[in-house]
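The structure under discussion appears below in the form of structure tokens.
In what follows, chains carry the letters A, B, and so on, assigned in the order in which the sequence lines appear, proteins first and then strands, with residues in each chain numbered from 1. The figures that follow rest on heavy atoms only: side chains count, while hydrogens, waters and symmetry mates do not.
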Amino acid sequence: MKFQNPKGTRDFYPEDMAVLNWIMDGWRRVSIRNGFEEYEGPIFEYLDLYKAKSGEGIVSELFHFEDRGGREMAIRPEMTPTLARMINARAQSLPRPIKWFSMPRLCRAERPQRGRLREFFQWNIDIVGSDDVLADAECIFVAVDFFREVGLTPADMVMRINSRSLLSSLLAARGFEPERHADLFVVLDKRDKLPPEVYAAELAKVTRNDAERESLNIISQARGERGLADLAAMAEGNEAAGNELARLRELFETLNLMGVGEYCEFDMGVVRGLAYYTGVVFEGFAKGTFQRAICGGGRYGQLLEVLGGPPMSGIGFGTSDVVILEVLTELKRLPAEIGAGRRTDLFLIDADESLFREVVRLAAELRRRGFCAEYSYRRQGIGKQFKQAAAAHARRAVIVGAEFKERGVLAVKDLGTGQQVEISAEAFLADPMQEVSV
RNA sequence: GUGAGUGUAGCUCAGUUGGUUAGAGCACGAGGUUGUGGUCCUCGGGGUCGCGGGUUCGAGUCCCGUCACUCACCCCA
């Protein structure tokens, strides 16, 4: 019986693992240099944790099971509930702002498609316990910092930024009751994601007349500097909207100051589907055929409270290895040297079988000193051993030959330059990777 | 859960109106040069043509079903 990997999962062969590690090393490096600390939680939680955050509907989208005690468990489909649970447990004693990141492996029971699998790694950044606009700016900066790090320029991608609280105050001023905002958000979020006629139909469902639709169209079309100016005119005499606009302007000024203004753009069309966002929301989009958001995040005001914690606001974002891989592959930004295989420092070769014991001894000694040293398991001609050295991408070949027995010297060859020198075993061991020049 | 497309070797693909033991390149393995390497030469392993049924003297090829994968919808990283 032959088995295959479960639907929507991936096997990471060494060359794939090298790419995944490259991505995740980048996530960790960028997180740490921006002042975030890594955390991790259990890979499964009580199902109720996710129900509390997202409602009953979430159950069909995740993998769940019953443990032997009859408890309903779920494999984590996202990290935020775990984060909230962990922070809530120590809410009184953690210094703020809390700047944490994680790279959890998540599972969702969805139908796999481009950029969406059933199992993936997600990079999460969160700043909890601060309402400061600096936290908003920093969160967006971290996302851009990573994308810039892997070679994306403002010509390759854009971060579209909006504020739900601004949108809410504008809607309220136009006579949309607050209790309707959540439904309106869901539809407005699809402005650019649905064909125009489908979008129009969705819009019709949540509006009462043409005047309302007209208002929504005017508001949601706002984009860029000009859009902000239009909204400012619209918000005159509306104190709440005025305050939100001022905050948004401060956010963009800060992003400019941070040197990532070129990546960022105001866009009223970005609303995000998730219900719990209350303030700034943003999504990254790449140029090319991958039309989905490559990262997304926003400010959540009551999330911790909903999960039994104190009233504390936070802002965070997430992206996954699947979308990063998709975009970097399409834009050809994956460095070619990734996945080139193991990098052997030294490949030891014996000139004849009687010297093999020296090869084993020397290799073990080199390994103890931290070098990657290899040799062939098979006793065969020097030519074959060199072939293996090349296949292992070794940087140096070291021949243990008759001259070692006679004079204690080794032949060290740089497999990149082809240069080869004789050197005493002592001098070699003192600096095994020393320059090889004739 | 709904719709569309695709299934021949590990990968990329050939396979003539149905006609003998289904092929190539790459990859993989073994040899060739017996103190010098990824290029070269020779040989080799590997496929119940996704699976099941039907039509036919005969099916990789035609028909039906089924499964898997891919893409799109819902949702979202």
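The nearest whole Å value for the distance from the OH atom in Tyr50(A) to the P atom in C75(B) is 21 Å. Going from atom CZ of Arg396(A) over to atom P of G37(B) covers 18 Å, rounded to whole Å. Atom CD1 of Ile349(A) is separated from atom P of G38(B) by 12 Å (rounded to the nearest Å). At whole-Å resolution of the value, CZ in Arg108(A) and C1' in C75(B) are 9 Å apart. One atom, OH of Tyr13(A), and another, P of G10(B), lie 11 Å apart when rounded to the nearest Å. In this entry the distance linking CD of Glu353(A) with C1' of U34(B) reads 13 Å, nearest Å. Atom CZ in Arg118(A) sits roughly 13 Å away from atom C1' in C75(B) (whole-Å rounding). Rounded to a whole Å, the CD1 atom of Ile125(A) is 15 Å from the P atom of A77(B).
Counting only distance, with no hydrogens or angles, the side chain of Glu72(A) and the backbone of His64(A) share no donor-acceptor pair below 3.5 Å. In this structure, the side chain of Thr9(A) does not engage the main chain of Asn5(A) through any donor-acceptor pair within 3.5 Å. One N or O on the side chain of Asp16(A) and one on the backbone of Tyr13(A) form a donor-acceptor pair closer than 3.5 Å.
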Residues 408-416 of chain A side chain polar contacts: donor-acceptor under 3.5 Å, at least two apart:
from, atom 1, to, atom 2, distance (Å)
Asp414(A), OD1, Gly416(A), N, 2.6
Asp414(A), OD1, Thr417(A), N, 3.1
Asp414(A), OD2, Arg396(A), NH1, 3.2

Could you list the donor-acceptor pairs under 3.5 angstrom formed between side-chain atoms of residues 311-321 of chain A and any protein atom two or more places apart in sequence or on another chain?
from, atom 1, to, atom 2, distance (Å)
Ser313(A), OG, Asp131(A), OD1, 3.3
Ser313(A), OG, Arg299(A), NH1, 2.5
Thr319(A), OG1, Ile294(A), O, 2.5
Ser320(A), OG, Val322(A), N, 3.2
Ser320(A), OG, Val323(A), N, 3.3
Asp321(A), OD1, Arg10(A), NH2, 3.4
Asp321(A), OD1, Phe121(A), N, 2.8
Asp321(A), OD2, Arg10(A), NH1, 2.8
Asp321(A), OD2, Arg10(A), NH2, 2.8

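Rounded to a whole angstrom, the distance from the P atom of A4(B) to that of G65(B) is 12 Å. Comparing G5(B) with G45(B), their P atoms sit 40 Å apart, to the nearest whole Å. U55(B) and A59(B) have their C1' atoms separated by 10 Å, with the value rounded to a whole Å. Only the C1' atoms considered, U66(B) is 34 Å distant from G25(B), to the nearest whole Å. Comparing the P positions of G44(B) and C51(B) gives an interatomic distance of 27 Å, to the nearest angstrom. Nucleotides C57(B) and C41(B) place their C1' atoms 46 Å apart, quoted to the nearest Å. Only the P atoms considered, G23(B) is 14 Å distant from C49(B), to the nearest whole Å. A distance of about 48 Å separates the C1' atoms of U70(B) and U33(B), rounded to the whole Å.
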Which atom pairs link the protein and nucleotides 69-71 of chain B when you take only N or O atoms and keep those under 3.5 Å?
from, atom 1, to, atom 2, distance (Å)
C69(B), OP2, Lys7(A), NZ, 2.6
C71(B), OP1, Arg114(A), N, 3.4
C71(B), OP2, Arg114(A), N, 3.2

Distances under 3.5 Å only, N/O to N/O: pair up the protein atoms with those of nucleotides 26-33 of chain B.
from, atom 1, to, atom 2, distance (Å)
A30(B), OP1, Arg378(A), NH1, 3.0
G31(B), OP1, Arg378(A), NH2, 2.9

Heteroatom pairs (N/O) under 3.5 angstrom, protein to nucleotides 11-13 of chain B:
none

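Between Arg369(A) and Glu365(A) there is a salt bridge, since a side-chain N of the basic residue sits under 4.0 Å from a carboxylate O of the acidic one. Look at Glu149(A) and Arg28(A) and you find no salt bridge, because none of the NZ, NE, NH1 or NH2 atoms lies under 4.0 Å from a carboxylate O.
Heavy atoms of other residues, nucleotides or ligands lying less than 6.0 angstrom from CZ of Arg379(A) number more than 12. Atom CD of Glu37(A) has 12 or fewer heavy atoms from other residues, nucleotides or ligands within 6.0 Å.
Between the side chains of Ser165(A) and Glu244(A), at least one donor N or O lies within less than 3.5 Å of an accepting N or O. There is no side-chain donor-acceptor pair under 3.5 Å between Trp123(A) and Ser102(A).
Among the atoms of the strands shown, none is found under 4.0 Å from any heavy atom of Glu119(A). Nucleic acid contact for Glu78(A): none, since no nucleic acid atom lies under 4.0 Å from a heavy atom of the residue. Leu106(A) comes within contact range of no nucleotide atom at all, as no heavy-atom separation falls under 4.0 Å. In this structure, Ala394(A) reaches neither bases nor backbone, as no heavy-atom distance under 4.0 Å exists between it and the strands shown. Counting any heavy atom pair closer than 4.0 Å across all strands shown, Glu110(A) reaches a base atom.
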- Check the pair Lys405(A), Glu358(A) against salt bridge (Lys or Arg N to Asp or Glu O under 4.0 Å), reporting the backbone distance first and the verdict last. CA-CA 10 Å; Lys405(A) 229 183 243 175; Glu358(A) 288 304 325; over 6 Å; no
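OP1 or OP2 of A77(B) sits under 4.0 Å from a side-chain N or O of Arg272(A).
No hydrogens or angles were tested; on distance alone, nothing pairs the side chain of Arg292(A) with the base of A77(B) as donor and acceptor under 3.5 Å.
When distances run from any side-chain atom of Lys190(A) to the nucleotides A77(B), C75(B), U36(B), the shortest one goes to C75(B).
Evaluation of the salt bridge (Lys or Arg N to Asp or Glu O under 4.0 Å) test over residues 429-438 of chain A, restricted to residues two or more places apart or in two chains, returns none.
Within residues 409-418 of chain A, the residues having any heavy atom closer than 4.0 Å to RNA chain B are, in order of number, Lys413(A), Leu415(A), Gly418(A).
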- Item | Nucleotide-level pairing of RNA chain B, given in dot-bracket where Watson-Crick and G-U pairs need both distances under 3.5 Å and | marks other strands | (((((((..((((.....[...)))).(((((.......))))).....(((((..]....))))))))))))....
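Applying the side-chain contact (heavy atoms from CB on, under 4.5 Å) rule to Val186(A) yields the partners Lys190(A); only residues at least two apart in sequence or on another chain are considered. Scored by the ring-ring contact (aromatic ring centres under 6.0 Å, His included) test, Tyr375(A) finds Phe356(A) as partners (sequence neighbours excluded). Scored by the side-chain contact (heavy atoms from CB on, under 4.5 Å) test, Arg118(A) finds Lys7(A), Phe63(A), Pro112(A) as partners (sequence neighbours excluded). Under the salt bridge (Lys or Arg N to Asp or Glu O under 4.0 Å) criterion, Arg164(A) pairs with no residue, sequence neighbours left out.
Heavy-atom distances to RNA chain B give each of Ala390(A) and Gly381(A) a nearest nucleotide, and the one nearer the 5′ end belongs to Gly381(A).
Shortest non-hydrogen contact noted between Leu216(A) and Leu188(A) is CD2-CD1, 4.3 Å.
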